[in-house]
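Below is one structure, written out as structure tokens, with a few remarks after it.
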Amino acid sequence: MEDTSLLRLLFLTSLLSCTTNQVSLTVSPSSSQMFEGQPVSLRCEEDDSSAGWTLRRNTTRETRTQCGDGWGRPAGSSCNISYMVPRYSGVYWCESREGATSNSITITVTGGPVILQSPVLPVMEGEDLTLTCKTKTSSNLPAGFYKDGSFIRTEPAGHMTIHHVNRSDEGLYKCNISRVGESPPSWVSVTGEEVTFDFRSSFIQIFT
Ligand SMILES: *[C@@H]1O[C@H](CO)[C@@H](O)[C@H](O)[C@H]1NC(C)=O
Ligand SMILES: *[C@@H]1O[C@H](CO)[C@@H](O)[C@H](O)[C@H]1NC(C)=O
């Protein structure tokens with residue numbers, strides 16, 4: 001291991017030790033858009049389960065409502081939603097009793113025939129971004145991709161990869177499949193290289 005890597009590791013280790021009680025929200029399937037009727041599981045991945053994290057959401061109709069309180073079924077540190085509907089579109093996050101919060105994830109549920117599968121978490125600068133345009137039954141039909149309302153290109157198999165993203169790739173993406181329809185738009189954000197407390201990807205960076 002090079003000295004700089006070692007220093008980086010020490011730096012990260014010290015960061016980790018002063019950031020206990022972190023929580024991150026993950027969603028399965030990992031997609032910012034879902035079809036109506038799909039089941040979804042959201043999970044508060046915590047360092048300290050005694051902190052009592054709960055999943056909350058804001059939608060256009062409700063603010064800060066909690067899993068189990070009219071929607072979703074709590075199961076340990078997860079919240080399962082057996083049937084997504086368009087009015088469940090909104091921002092989801094984990095919150096502790098003390099008011100600490102996780103990253104938030106924006107989910108769009110459509111009653112339409114096409115979704116754009118985009119990353120739920122910000123993409124790191126320099127990484128590749130892959131967008132997939134899907135119908136309920138197929139994810140390899142020719143699809144057109146759009147950013148901020150402008151056509152980018154048609155991809156013959158429904159996947160578009162942007163290599164080595166930078167901040168200018170951040171924006172509102174959507175796609176369409178001819179004779180089927182158009183997806184809702186989703187925001188894709190790109191973050192710089194600073195440590196974002198996602199220590200798993202930081203370790204991967206060091207050791208690869
Ligand atoms: C949820 O809504 C409340 C009230 O509008 C707002 O203060 C809060 O920032 C929202 N949370 C997220 C994660 O968007
Ligand atoms: C996307 O929609 C536009 C406008 O309806 C259409 O002209 C184009 O052929 C569509 N592209 C694909 C790949 O479906």
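For ligands, and for the atoms within them, numbers begin at 1 and follow the listed sequence. Quick note: numbers below take in every heavy atom, side chains included, and nothing from hydrogens, waters or symmetry partners.
- Within a 4.0 Å radius of atom 7 (O) of ligand 1, the protein contributes no non-hydrogen atoms.
- Donor-acceptor pairing under 3.5 Å is lacking for the side chains of Q66 and T54.
- The nearest heavy-atom contact from the protein to atom 13 (C) of ligand 1 is W93 CE3, 3.6 Å.
- Numbered from 1 in the order shown, with element, the atoms of ligand 1 that lie under 4.0 Å from a heavy atom of T63 read 2 (O), 3 (C), 4 (C).
- In the model, S24 has no side-chain atom that pairs as donor or acceptor with a side-chain atom of S102 under 3.5 Å.
- Side-chain contact, N80 with S41: a donor N or O sits under 3.5 Å from an acceptor N or O.
- Geometrically, ligand 1 and N58 share a nitrogen or oxygen pair separated by less than 3.5 Å.
- With respect to T132, the side-chain hydrogen bond (donor to acceptor under 3.5 Å, both in side chains) criterion is satisfied by exactly one of Q117, E155, H159: H159.
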